[in-house]
There are 2 protein chains.
Amino acid sequence: MKPVTMADVARKAQVSKSTVSQYLNKRYDYMSEQTKVRVEEAISELGYQPNIVARSLKQKSTKTIGVIVANILHTFSTEVSRAIEDVCHGEDFHTIICNADDDPVKEKRYIEMLRAKQVDGLIVFPTGDNRDLYKKMLDEQYPLVFLDRSVPDIPASSIMLNNEKAIELAVDHFVQKGNERIAIMTTSFIDKVTPRYERVEGYKKALRNRNIEVNEEYIQCVDPEIIPLTLKQMLALSTPPDCIIAGNDFVLKEILRFSKQESLSIPEDLSVIGIDDVPYASFYNPSITTVAQPTFKMGKMAAELLLEKIKKKQVQDDLSEYRFEPTLMVRESVN
Amino acid sequence: MKPVTMADVARKAQVSKSTVSQYLNKRYDYMSEQTKVRVEEAISELGYQPNIVARSLKQKSTKTIGVIVANILHTFSTEVSRAIEDVCHGEDFHTIICNADDDPVKEKRYIEMLRAKQVDGLIVFPTGDNRDLYKKMLDEQYPLVFLDRSVPDIPASSIMLNNEKAIELAVDHFVQKGNERIAIMTTSFIDKVTPRYERVEGYKKALRNRNIEVNEEYIQCVDPEIIPLTLKQMLALSTPPDCIIAGNDFVLKEILRFSKQESLSIPEDLSVIGIDDVPYASFYNPSITTVAQPTFKMGKMAAELLLEKIKKKQVQDDLSEYRFEPTLMVRESVN
DNA sequence: CTGAAAGCGCTTACAG
DNA sequence: CTGAAAGCGCTTACAG
């Protein structure tokens with residue numbers, strides 16, 4: 001099954017390839033109505049579809065961007081990706097999404113693979129551990145936007161949550177309700193990257209502002225597998241926390257699972273606030289109070305910023321951080 | 001920033017482009033150790049990365065497949081996509097995932113777009129409404145695999161759940177627990193495509209086998225937005241159902257939301273079984289009994305089948321349906 | 001208003 | 001063991 005090419009169309013329509021190309025690119029300026037019709041007919045009769053690979057090679061643009069998410073299993077990643085796709089779609093760009101699984105080696109492989117595929121730009125949730133690679137892209141003026149995280153001393157534009165504020169919202173809500181023994185749990189700490197760090201700092205600061213003493217035992221950054229064990233230990237403390245902030249949807253899930261298994265009542269035995277507004281939060285029993293990130297807005301901004309960089313070739317030094325504000329979704333999981 | 005090309009490497013290493021190409025493709029057979037080293041050094045000094053677009057054009061293969069899911073918001077789609085990606089990754093193939101949103105127009109656009117991008121094959125969750133297009137691909141011997149659904153009279157290989165069995169598992173479980181007023185709710189009926197149809201037929205058959213009369217009022221195929229209303233009406237029937245099968249994760253979510261809002265207890269007031277083992281099923285209160293699809297196996301099979309077709313060019317007439325068996329996950333939502 | 005020609009960055013027979 | 005040349009399917013100045 002030999003696919004039909006532009007040459008076939010040209011032959012059939014009795015014109016040159018150039019003319020067919022002009023037609024396809026809607027440059028009708030100097031084209032007679034007659035040839036237009038002939039080309040049109042030839043195309044539809046042959047069922048011709050242009051070969052985008054060939055076009056890309058010539059034009060040095062694939063109209064495709066790559067996005068490398070840290071971990072596709074997080075709700076956050078999925079929602080942001082959707083927003084990115086929506087924006088790109090509107091601009092006639094395509095999106096290839098890759099999942100680095102929080103692994104710097106995979107991240108590197110994907111960045112190289114996507115660049116080899118000539119994507120016009122990259123949105124990455126950086127692991128933080130490929131500093132040389134990030135730098136190289138920046139040096140080459142390659143269109144790049146970071147999302148969710150920034151990397152110290154790497155001056156790439158990055159779209160981030162106001163992480164301190166997010167934690168402050170949670171702490172405030174707990175305090176207002178009369179709770180002071182507030183724990184926070186996140187998944188293991190990557191210090192090459194900002195947000196987890198910011199969340200813990202934000203936590204300490206929020207407590208201090210309210211004259212609550214910081215208890216280091218209430219701060220846990222652990223591997224996912226040992227969340228249940230860590231919870232158990234924390235709740236067995238002589239003065240256990242009465243409420244807990246789940247640093248992401250994964251931690252939240254583990255807390256809920258643990259509570260169910262141990263027959264802990266939420267919020268009677270333990271109040272919970274999750275960062276990230278998981279899809280089931282509103283109809284869980286009890287419904288879960290969360291701090292929502294404006295995922296759609298963040299994805300949209302990232303895509304728009306990247307497309308802009310791609311278009312006006314010279315990447316401005318708008319290397320700032322774009323911070324987005326979180327929202328507290330008050331529901332039933334706080335006593 | 002001019003990207004470095006094969007010609008630059010050749011010049012630097014003082015060899016021809018052919019030799020560089022041989023080197024890249026690991027055809028060292030007749031290459032002296034010396035040139036090998038020279039090429040290697042030139043590549044690393046220049047930081048050369050081959051342009052895959054150019055290679056694809058020449059080789060007429062992009063080592064990329066497309067997958068068009070019906071609706072990315074279903075857990076099923078996400079999980080299957082992951083499995084597909086895993087398999088492809090192992091075979092050095094890439095994956096582009098598109099979301100047709102159950103819209104035949106979008107589906108068509110994506111199929112054409114992906115083919116224009118020269119993907120080597122396609123896995124599609126067909127809407128069923130682009131029959132001509134499906135036929136055309138088959139006629140052209142274009143590598144194609146359907147997933148989740150088959151389309152009547154379109155003899156493409158398709159990977160499917162044993163839908164009748166799935167419903168039978170649910171009905172049986174309800175009946176064993178002593179329930180006979182069993183309702184089923186799915187999202188609106190697309191009759192161009194098999195599974196929803198099969199689920200309703202399977203339901204009827206399962207009831208008949210157990211000598212339970214089929215009550216048409218208990219069978220609802222509705223648009224997502226009117227699920228709450230429909231539930232309300234159904235439960236207001238003179239003899240309302242005492243249990244319900246949620247045809248997919250979306251319906252399940254609406255049922256749970258409705259129950260919470262109306263203070264219905266599950267399973268006391270209404271027993272529920274969901275088709276698709278949603279991530280929160282095991283830790284919801286109450287935990288939800290579901291019928292799980294072997295999503296990973298199904299995705300794996302689809303990918304393997306497609307890659308095989310891509311490799312041995314001639315597509316066998318293995319146009320059969322591959323059926324996968326569901327599993328009942330017994331939990332707390334059935335009385 | 002339309003066509004001939006060059007070129008995008010590779011790969012691949014083929015010659016030597 | 002290595003290189004010159006053709007060609008993948010397009011686009012784009014340029015000439016006429």
Side-chain angles (χ1 to χ4, degrees), chain A residues 1-40 42-43 46-64 92 112-113 115-120, chain B residues 1-40 42-43 46-64 112-120:
Chain A
M1 216 67 202
K2 206 142 178 54
V4 5
T5 107
M6 187 175 261
D8 299 327
V9 176
R11 202 173 310 122
K12 176 139 198 158
Q14 314 249 51
V15 299
S16 75
K17 288 192 297 169
S18 323
T19 304
V20 178
S21 179
Q22 309 284 20
Y23 174 86
L24 286 174
N25 294 293
K26 308 205 192 307
R27 306 213 32 138
Y28 304 132
D29 315 8
Y30 300 101
M31 199 173 298
S32 71
E33 191 56 31
Q34 205 204 126
T35 43
K36 207 150 93 178
V37 172
R38 278 224 306 277
V39 173
E40 197 168 349
I43 286 177
L46 295 171
Y48 169 70
Q49 291 276 121
N51 180 329
I52 293 191
V53 172
R55 171 184 298 169
S56 299
L57 177 58
K58 181 67 193 174
Q59 293 192 155
K60 293 163 161 303
S61 155
T62 51
K63 294 269 247 169
T64 303
D92 236 3
E112 287 174 346
M113 178 280 262
R115 293 209 53 188
K117 287 197 127 190
Q118 311 299 115
V119 298
D120 296 340
Chain B
M1 215 67 202
K2 206 149 176 53
V4 3
T5 109
M6 187 176 260
D8 300 326
V9 176
R11 203 172 311 121
K12 175 139 199 158
Q14 315 248 50
V15 298
S16 75
K17 289 191 298 168
S18 325
T19 305
V20 178
S21 178
Q22 309 284 20
Y23 174 85
L24 287 173
N25 293 292
K26 306 203 192 310
R27 305 215 33 140
Y28 303 133
D29 315 9
Y30 300 100
M31 199 175 296
S32 71
E33 192 56 31
Q34 207 204 123
T35 43
K36 207 150 93 178
V37 172
R38 278 223 306 275
V39 173
E40 197 168 348
I43 287 177
L46 296 172
Y48 169 70
Q49 289 277 121
N51 180 328
I52 293 190
V53 172
R55 172 184 296 169
S56 297
L57 177 59
K58 183 66 193 175
Q59 292 191 153
K60 293 163 161 300
S61 154
T62 51
K63 295 270 248 169
T64 303
E112 286 173 347
M113 179 281 263
L114 288 169
R115 294 208 55 187
K117 287 199 126 190
Q118 311 298 113
V119 299
D120 296 340

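Throughout, a chain's letter reflects where its sequence line sits, starting with A, and its residues are numbered from 1.
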Check: Cut-off 3.5 Å, side chains only: do Lys117(B) and Thr64(A) have a donor facing an acceptor?
Finding: yes
Gap between atoms [atom1] and [atom2], on [X] and [N] respectively (whole Å):
| X | N | atom1 | atom2 | answer |
| --- | --- | --- | --- | --- |
| Lys58(B) | dT11(C) | NZ | C1' | 6 Å |
| Asp8(A) | dC8(D) | CG | C1' | 13 Å |
| Leu24(B) | dC10(C) | CG | P | 8 Å |
| Lys60(A) | dC10(D) | NZ | C1' | 14 Å |
| Arg11(B) | dG9(C) | CZ | C1' | 13 Å |
| Met6(A) | dG7(D) | CE | C1' | 17 Å |

Next item on the list: Check DNA chain D for consecutive Watson-Crick or G-U pairs with both distances under 3.5 Å and list the runs of at least three as stems.
Entry: C:1-3 with D:14-16, C:5-12 with D:5-12, C:14-16 with D:1-3
Can you give me the N/O atom pairs linking the protein to nucleotides 2-4 of chain C at distances under 3.5 Å, or say none if there are none?
| residue | atom | partner | partner atom | Å |
| --- | --- | --- | --- | --- |
| dT2(C) | OP1 | Ser32(A) | OG | 3.1 |
| dT2(C) | OP1 | Thr35(A) | OG1 | 3.2 |
| dT2(C) | OP2 | Ser32(A) | N | 3.2 |
| dT2(C) | OP2 | Thr35(A) | OG1 | 3.1 |
| dG3(C) | OP2 | Ser16(A) | N | 2.9 |
| dG3(C) | OP2 | Ser16(A) | OG | 3.4 |
| dG3(C) | OP2 | Thr19(A) | OG1 | 2.9 |
| dA4(C) | N6 | Ser18(A) | OG | 2.4 |

If you look at every heavy atom in [X] and [Y], which pair is closest and at what distance?
| X | Y | value |
| --- | --- | --- |
| Ser16(A) | Ala10(A) | C-CB, 3.8 Å |
| Tyr23(A) | Glu40(A) | OH-CG, 3.2 Å |
| Ser56(B) | Val53(A) | CB-CG1, 4.0 Å |

Nucleotide nearest [X] (side chain, heavy atoms from C-beta), chosen from [options]:
| X | options | result |
| --- | --- | --- |
| Gln59(B) | dT11(C), dC10(C), dC10(D) | dT11(C) |
| Leu57(A) | dG9(D), dC10(C), dT11(D) | dG9(D) |
| Thr5(A) | dG9(C), dT11(D), dG9(D) | dG9(D) |

Notebook entry, point to check: How long is the span from the CD atom in Gln49(A) to the CD atom in Glu112(B), to the nearest 0.5 Å?
Noted result: 5.0 Å
Check: Roughly how far apart are Gln22(A) CD and Leu24(A) CG, rounded to 0.5 Å?
Finding: 9.5 Å
Notebook entry, point to check: How is Tyr23(B) classified with respect to the nucleic acid when contacts are heavy atoms under 4.0 Å: base, sugar-phosphate, or nothing?
Noted result: nothing
Item checked: Residue-phosphate contact under 4.0 Å: Asn51(A) side-chain N/O, dC8(D) OP1/OP2 -> no
Notebook entry, point to check: According to the salt bridge (charged side-chain N to carboxylate O under 4.0 Å, His left out) rule, which pairs have a member within residues 6-17 of chain B, sequence neighbours left out?
Noted result: Asp8(B)-Arg11(B), Lys12(B)-Glu45(B)
